[in-house]
Amino acid sequence: DFIMLPTVDFCFKELMQNAKVRQGMIAALLGVEPEEIEETILLPTILHPEYPDDKYGILDVKVVLKNGSQMDFEMQVTAVSYWTKRILFYLGKMYTDQLKAGESYEKLKKCIHVGILNFIHFPDDDRCYRKIIFCDKDTGEEYTDLLEIHVLELKKLPEKEQNESGIIRWMRFLGAKSRKEFEKMAKEDTYIDEAYEMLKHMSADEKKRLEYEAREKAIRDYNSQMLELKEVGRKEGIAIGAEQGEQRKAASIITNMLRKGKNPEEIADM
């Protein structure tokens, strides 16, 4: 009954090697029919630095469409405080890396970052999918469509399916945990069926299964280390707080003694 889960980034990357899977998912994101996505090409996922000491950005999956638009997909399973800044870094690098020295700005094409999060990033609402664009703060009027961020929060999906379609259906597939869930969705969508067939094929491949399990273990180990560090920090914080409390108490006693006329030598002896 073993089946790989798309929330493990190794599995997600493997799924996106399939052109039909890419076609179906991208069409759902852009709100168009899959037939309109005529061609997608995988690109290298290292964003080369402009300067020798510049930081490298590593993306999970980077795709270029026939019209020249670029998309990058990241499956992120662990919450990090700097996620927003990192995504802006990736998106900015992807946009500027399109031009070579001396080329015109007219060559720049649309760039889209898709963050698939297995944690809650926006805790103040229950919207599981949002599209973020550049717009006028006061009027809401779109300024440009050249840069977009799509955020998919898998943890916010309703527990039970609600006659879903489009990108929400794909989110349900990406967050599924069992063959039964995958099979149900595969019967309703030919592109998701293709993804499920890939999952079954990969899960039966011993070499890929070992790679998958190694990555899954690395994620678990990282999460365990983060929890341990948080616990150490919590205990240290309690100890520091207790020490500071004793210091404040002593300071209060000394202040009261001085007000009552005790001299410093008497207070020091006490």
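Hydrogens, waters and symmetry mates are skipped; everything else that's a heavy atom, side chains included, is used.
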Chi angles and distances behind the side-chain contact (heavy atoms from CB on, under 4.5 Å) call for L117, L154:
CA-CA 6 Å; L117 312 182; L154 301 183; over 6 Å; no
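- A heavy-atom distance below 4.5 Å is not found between the side chains of Y212 and M202.
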I'd like to know whether K107 forms a side-chain contact (heavy atoms from CB on, under 4.5 Å) with Q98, so could you lay out the CA-CA distance, the side-chain angles of the two residues, the decisive distance to 0.1 Å, and finally the verdict.
CA-CA 8 Å; K107 292 189 67 176; Q98 295 179 78; over 6 Å; no
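- N118 places a side-chain heavy atom less than 4.5 Å from the side chain of K155.
- The OG1 atom of T40 sits 10.0 Å away from atom CE of M71, with the distance rounded to the nearest 0.5 Å.
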Worked verdict on I26 versus V32 for side-chain contact (heavy atoms from CB on, under 4.5 Å)
CA-CA 9 Å; I26 290 171; V32 299; over 6 Å; no
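- Put simply, the side chain of L5 does not reach to within 4.5 Å of the side chain of C11, judged on heavy atoms.
- Exactly one residue among D145, L147, L146 makes a side-chain contact (heavy atoms from CB on, under 4.5 Å) with F134. That residue is L147.
- Ring orientation note: the planes of F182 and Y196 are close to parallel, at an angle under 30° on the 30°/60° scale.
- The backbone N or O of K131 lies less than 3.5 Å from no partner atom in the side chain of E148, so there is not a single donor-acceptor pair.
- The line from CE of M16 to CE of M198 is 11.0 Å long, rounded to the nearest 0.5 Å.
- Taken from CD1 in I133 to NE2 in H150, the straight-line distance is 9.5 Å, to the nearest 0.5 Å.
- In this structure, E141 places its CD atom where only 12 or fewer heavy-atom neighbours from other residues, nucleotides or ligands lie under 6.0 Å away.
- Considering L174, V77, D9 as possible partners of I116, the one that fulfils the side-chain contact (heavy atoms from CB on, under 4.5 Å) test is L174.
- A salt bridge links E188 to K184: at least one charged side-chain nitrogen sits closer than 4.0 Å to a carboxylate oxygen.
- Distance check: Q23 CD to E33 CD gives 10.5 Å after rounding to the nearest 0.5 Å.
- M4 and L210 fall into different hydrophobic clusters, defined by Ile, Leu, Val, Met, Phe, Trp and Tyr side-chain heavy atoms under 4.5 Å apart, directly or through other members.
- A donor-acceptor pair under 3.5 Å is formed between the side chain of E181 and the backbone N or O of K177.
- Counting only heavy atoms from C-beta outward, the side chains of I87 and V151 never approach each other to under 4.5 Å.
- A salt bridge is absent between K187 and E183: the closest approach of a Lys/Arg side-chain nitrogen to an acidic carboxylate oxygen does not fall below 4.0 angstrom.
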Determine whether E211 and K207 satisfy the following criterion, salt bridge (charged side-chain N to carboxylate O under 4.0 Å, His left out), listing intermediate values before the conclusion.
CA-CA 6 Å; E211 290 182 71; K207 184 174 182 295; 3.2 Å; yes
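- For the pair Q76/T78, a side-chain contact is recorded, criterion being any heavy-atom separation below 4.5 Å from C-beta on.
- Listed here is the closest heavy atom pair of A186 and D193: O-CB, 3.4 Å.
- What you find for M75 and P6 is that their closest heavy atoms are CE-O, 3.3 Å.
- Within the 4.5 Å cutoff, the side chain of L29 has heavy atoms near those of the L152 side chain.
- E153 places a side-chain N or O within 3.5 Å of a backbone atom of H121 that can act as its donor or acceptor partner.
- Under the 3.5 Å distance criterion, the side-chain polar atoms of Q17 are matched with a main-chain donor or acceptor of K13.
- At least one donor-acceptor pair closer than 3.5 Å links the side chain of E103 to the backbone N or O of K100.
- Contact check on K20 versus E197 returns no salt bridge, with no Lys/Arg side-chain nitrogen under 4.0 Å from an Asp/Glu carboxylate oxygen.
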After noting the C-alpha distance and the side-chain angles of T7 and F12, does the key distance pass the side-chain contact (heavy atoms from CB on, under 4.5 Å) rule?
CA-CA 7 Å; T7 46; F12 178 71; over 6 Å; no
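- The residues D125 and R130 are annotated as salt-bridged, a charged nitrogen and a carboxylate oxygen being separated by less than 4.0 angstrom.
- Grouping the Ile, Leu, Val, Met, Phe, Trp and Tyr side chains by contacts below 4.5 angstrom, directly or via other members, places I112 with L42.
- Counting non-hydrogen atoms of neighbouring residues, nucleotides and ligands closer than 6.0 angstrom, the OH atom of Y143 reaches no more than 12 such neighbours.
- For the atom pair OH of Y90 and CD1 of I149, the computed distance is 13.0 Å after rounding to the nearest 0.5 Å.
- At least one donor-acceptor pair under 3.5 Å links the side chain of R179 to the backbone N or O of F2.
- For the side chain to side chain donor-acceptor pair (under 3.5 Å) test, residues two or more places apart in sequence or in another chain that qualify with E213 are R209.
- Using a 4.0 Å cut-off between a side-chain N of Lys or Arg and a carboxylate O of Asp or Glu, K208 and E14 qualify as a salt bridge.
- Transitive grouping of hydrophobic side chains (ILVMFWY, heavy atoms separated by less than 4.5 Å) keeps M94 and V64 in distinct clusters.
- In this structure, the separation between CZ on F122 and CD1 on I132 is 4.5 Å, given to the nearest 0.5 Å.
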